[in-house]
Amino acid sequence: ILFSLTVHMCLLVYVAFERNIEFLFFQLSWGRGKNGSPIIVFPEFPAFGEIQEREFHNVLTYLTSIPSLSAAGVGFILVIDRRQDRWAAVKGTLLRIAGSFPGNLQLVLVLRPTTLFQRTLSDILFKFNKDEFKMKVPMIMLSSVTELHSYIDRTQLTTELGGTQEYCHEKWISHRTAIEGFALMVKRTAQILQSFGTELAETELPNDIQATSNLLGTHINKKSKMKEDLLVALGQGSRLLESINEPVVRDPDHNMNQDELENLATVQRLLSQLNETERAFDEFWERHKTKLEQCLLLRHFEHNYREVRCLLDQVAERLTAFSEVGISPAHADHIFRELRSHEERVCVLDRAQALAREGDELIQNSHYAEDSIQPKCIELRAVNEELSTYLRAKKDHLLRAIELHHSLERAAKWCDDGIYLLASQPVDKCQSHDGAESALQEIERYLDTAGQNKLTDPSAICRDYDTVLNQEFRKVFQKQVSMQEMFEKRRVSLKKLAAKHTRPVQPVAPRPEAIKSPLSSPGESLFSADTHPVVCSQVEGQLQCNRSASLSEEEENLAILRKHVMNELLETERAYVEELLCVLQGYASEMDNPAMASLMPIPLQNKKDVLFGNMPEIYHFHKRTFLRELEEYEDCPELVGRCFLERMTDLQIYEKYCQNKPRSESLWRQCSDCSFFQECQKKLEHKLGLDSYLLKPVQRITKYQLLLKELLKYSKGCEGSEDLQEALTSILGILKAVNDSMHLIAITGYDGNMGDLGRLLMQGSFSVWTEHKKGHAKVKDMARFKPMQRHLFLHEKALLFCKRREENGEGYEKAPSYSFKQSLNMSAVGITENAKGDNKKFEVWCNSREEVYIVQAPTSEVKTTWVKEIRKVLTMQLEAYRGRQGVCLWQTWFNWRCTCGCISRPTFKLSASLLDIMGKSKEISQDLRKKW
């Protein structure tokens with residue numbers, strides 16, 4: 001109550017102080033009467049009558065509010081000094097006081113005028129007018145200060161009234177102004193803090209990270225401003241307290257008067273209230289701040305939970321792609337390595353565990369949203385455990401598949417070796433007793449090796465490998481059964497021959513050297529297995545001069561050069577990733593922005609995949625994988641070739657991008673002037689248009705081979721130089737494949753599916769002559785001298801002849817186009833390496849040379865490369881055919897040979913036709929027919 005009254009009064013008086021009103025008509029010297037009544041002195045003031053009634057009332061109200069309630073309750077003693085004035089002034093003063101004094105009065109002492117006339121007049125008129133003053137307390141007229149001393153002790157009066165108390169009115173006003181200003185500041189500060197506290201209490205918690213972070217920052221800034229205001233108020237109160245205590249500090253023997261004691265108590269009380277307000281606010285703020293920080297942690301946790309949950313779903317989906325068990329040991333092992341590599345790359349399982357632990361920590365720290373966090377932690381651990389279990393089961397599954405594949409491979413090889421053993425035993429030597437015994441022993445020895453290679457118990461295999469069995473098992477097992485039957489028949493025949501004592505009949509057998517094993521590589525056969533992969537051009541450039549410096553200096557210089565190239569590789573890679581991100585965010589994402597839909601022309605709508613191709617896939621590969629792995633080789637540039645080799649398969653995504661580039665280029669030219677692209681370019685502040693950035697992937701894949709050449713140049717003899725050379729060769733191979741695919745998509749007029757032709761191996765332009773045995777002689781002779789210009793495309797399953805058309809258009813449309821003319825199935829094709837004595841020509845023929853195509857290459861080197869690649873394709877087809885038909889074919893043939901001609905004509909025809917199909921020389925077939 002006292003605080004509120006003081007503040008209320010200070011609002012009345014403090015304003016007056018600020019208006020520079022000189023309150024000289026009163027003195028509140030803090031003197032006390034004998035019973036402790038406060039003394040208010042009204043000194044002589046000529047302009048007392050000019051004071052406005054309202055201001056006079058406000059001042060009296062303020063003065064009576066300053067003393068304590070107990071002192072004010074006793075009543076005030078008023079001392080009115082009018083010794084130099086007239087009775088009229090005395091009367092006016094008493095009337096104003098009687099009408100305006102707000103407090104309790106105990107005594108009114110009036111020092112009447114000292115002049116004889118005015119003193120006499122005062123005595124007389126005071127007696128007659130006493131009732132006009134309407135005061136219920138004694139009013140005493142005094143003639144001198146001596147009489148005043150009989151009512152009030154001199155120590156409680158100022159020197160003007162003959163007392164000993166020191167009093168400075170200006171100092172009193174200064175102190176009171178400071179105190180009232182401080183009290184007002186305390187009130188305002190308390191109101192602001194209360195308002196801010198109400199705002200904090202009524203604030204709703206946001207639902208996203210950014211809003212929560214912004215709210216927390218806003219509240220922290222406001223709290224800091226509140227704290228600054230509090231510190232300012234506390235500082236002002238402390239300085240005021242020091243000012244009041246200054247006399248005591250200056251003179252320890254100084255005794256404070258009642259005025260100073262009251263001021264000191266008031267300031268201390270205000271400071272105490274301010275400190276209590278600050279403490280309460282700090283406690284409330286800490287609770288609010290903790291809740292906001294917990295809310296921010298919760299929003300981060302929920303955001304990370306959604307991300308991790310999505311990644312876990314992607315991992316689960318990706319793991320389902322590893323459902324196959326492979327078709328061979330190498331294939332199964334490749335799948336297993338991919339699974340292991342995928343497991344190593346996938347860090348989401350560890351991230352899920354870490355996020356669950358983070359949730360546990362939030363719960364342990366008494367988070368207010370425990371009921372929301374705990375189920376998510378349980379779910380993360382459950383899904384993580386499920387995926388880990390599935391991953392372990394999938395690895396075990398693949399390991400069993402690899403084990404089975406190796407068993408099948410050993411069994412298949414054992415069967416093939418057995419068939420070759422039977423084929424390699426000469427029939428003429430087996431006709432003698434010793435020869436038959438030797439062959440029989442050879443067969444027995446081979447059969448002894450069946451234990452570690454043979455599939456012994458099919459039922460046990462079905463039981464142990466039930467989940468990974470495939471058709472290959474049945475094929476191998478059937479092949480093993482067939483081979484065993486062949487061995488058994490041969491054993492029976494050899495035992496019969498070994499038992500004969502008569503001279504064996506000398507048979508006329510086919511030349512053994514003409515019969516080749518299914519596993520051998522015929523040296524003189526049309527289908528030669530002696531082929532090698534096409535070798536890309538080697539990186540040119542050696543150090544040109546001998547260095548006079550020491551070996552260590554040379555190595556240091558080369559290391560510096562390697563470091564320079566590596567820095568260029570990393571810097572350009574980072575810039576490339578940033579450029580891709582800029583394009584995807586600034587253009588691709590804007591195509592889905594509803595606000596930009598009005599700027600998009602109709603041809604561009606829903607064509608994001610056409611315009612950008614698989615650029616998002618390229619960006620994610622470089623951002624998440626390739627750039628990080630390149631950075632691991634920053635300190636050892638000579639080993640970076642390993643990184644390229646490990647990611648060579650991933651780099652083939654550029655082939656898809658380049659194949660889509662003509663469509664993208666066409667769409668860009670059609671819409672390049674539209675407002676959409678201009679607005680996007682303006683937002684990004686790009687100087688170049690989108691077409692320049694769409695060319696970046698093509699430029700980047702080309703840049704790699706240049707950087708690898710430089711690294712290889714400075715890494716001769718270093719560890720990893722072989723990997724650099726292999727990486728360079730592989731990159732050049734990718735560039736060749738990209739170039740080939742760009743030509744391939746330019747073919748027109750082909751009715752079939754290009755995908756059915758297999759992988760494109762080579763392409764190039766040649767001069768071609770044709771010969772047809774059934775054609776007219778004149779046409780055949782003319783064809784020899786009029787070559788056709790054809791562009792050949794060699795696939796795994798077909799050879800395409802196309803005619804190159806004139807280049808037209810601009811950009812990617814300027815690329816050549818090809819009209820399809822003819823195709824040859826590679827299963828029916830033969831090849832002659834040298835033709836007509838020209839080292840640049842070779843022949844491709846089919847249908848027993850009824851159709852012959854004489855092909856002239858630009859150079860002999862090109863011709864050699866093409867011949868080797870074609871022979872490699874034919875050899876692979878032969879091996880594939882043997883894998884399918886070898887058992888039945890060789891069983892039929894050997895049965896015929898073992899029976900020495902005891903065979904029916906249909907069986908012989910079958911043997912001869914099969915030999916023709918297998919590409920054996922016609923002499924074998926002719927010998928068989930003669931023998932029949």
Side-chain angles (χ1 to χ4, degrees), residues 310 314 317 575-624 652-702 738-755 802 804-820:
C310 181
Q314 292 176 4
E317 182 179 356
Y576 174 59
V577 170
E578 290 299 324
E579 288 172 341
L580 292 183
L581 177 61
C582 188
V583 171
L584 292 175
Q585 290 183 342
Y587 287 94
S589 296
E590 290 297 313
M591 293 182 71
D592 298 328
N593 185 0
M596 300 287 286
S598 60
L599 302 179
M600 290 179 60
I602 295 178
L604 189 61
Q605 294 177 1
N606 301 321
K607 294 293 181 63
K608 183 168 68 173
D609 293 338
V610 175
L611 185 62
F612 298 97
N614 64 330
M615 183 181 286
E617 181 184 6
I618 294 175
Y619 166 74
H620 289 307
F621 164 69
H622 283 270
K623 174 66 175 178
R624 300 173 180 174
Q652 292 177 359
I653 57 178
Y654 281 88
E655 183 174 349
K656 180 179 178 181
Y657 183 87
C658 293
Q659 288 176 350
N660 179 71
K661 199 68 178 69
R663 298 173 62 204
S664 173
E665 187 81 7
S666 176
L667 181 61
W668 162 256
R669 282 196 302 273
Q670 187 178 357
C671 308
S672 59
D673 295 330
C674 70
S675 302
F676 173 78
F677 289 128
Q678 294 175 1
E679 183 65 20
C680 292
Q681 184 176 349
K682 181 179 178 181
K683 289 181 180 179
L684 295 172
E685 299 181 355
H686 283 177
K687 296 181 180 180
L688 300 176
L690 174 60
D691 55 331
S692 300
Y693 291 92
L694 292 176
L695 196 60
K696 293 291 183 181
V698 181
Q699 295 171 338
R700 188 58 186 170
I701 191 64
T702 307
V738 170
N739 182 59
D740 290 346
S741 65
M742 297 297 291
H743 287 275
L744 189 62
I745 62 176
I747 297 176
T748 59
Y750 183 75
D751 296 333
N753 185 1
M754 288 286 184
C802 299
R804 184 184 178 114
R805 297 298 181 185
E806 293 294 330
E807 301 176 356
N808 50 41
E810 59 185 30
Y812 276 89
E813 288 189 354
K814 195 175 180 180
S817 62
Y818 305 95
S819 298
F820 171 76

Between Asn660 and Phe612, is there a donor-acceptor pair closer than 3.5 Å when you use the side chain of the first and the backbone of the second? no
Do Cys674 and Leu599 come close enough that some side-chain heavy atom pair is under 4.5 Å? no
Give a yes or no on whether the backbone of Leu584 and the side-chain of Ser589 come within a donor-acceptor separation of less than 3.5 Å. yes
Just do the side-chain contact (heavy atoms from CB on, under 4.5 Å) check on Arg700 and Glu579 with the steps written out, would you? CA-CA 12 Å; Arg700 188 58 186 170; Glu579 288 172 341; over 6 Å; no
Heavy-atom closest contact (Pro603 atom, Lys607 atom, distance): O-CG, 3.2 Å
Shortest non-hydrogen contact from Leu694 to Met615? CD2-CE, 3.9 Å
Would you call the rings of Tyr750 and Phe820 parallel, tilted or perpendicular if under 30° counts as parallel and over 60° as perpendicular? perpendicular
Rounded to the nearest 0.5 angstrom, the CD-CD distance for Glu590 and Gln585 is 9.5 Å
Just wondering, more than 12 heavy atoms not from Arg663 lying within 6.0 Å of its CZ? no
Heavy-atom side-chain contact between Tyr818 and Thr748 under 4.5 Å: no
Just say parallel, tilted or perpendicular for the rings of Tyr654 and Tyr576, cut-offs at 30° and 60°. parallel
Check whether any side-chain N or O of Asp691 sits under 3.5 Å from a backbone N or O of Trp668 as a donor-acceptor pair, and report yes or no. no
Is the closest side-chain heavy-atom distance between Tyr657 and Glu617 below 4.5 Å? no
Check the surroundings of atom CG in Asn753: do more than 12 heavy atoms from other residues, nucleotides or ligands lie under 6.0 Å from it? yes
Does Ser666 reach the side chain of Val610, with side-chain heavy atoms less than 4.5 Å apart? no
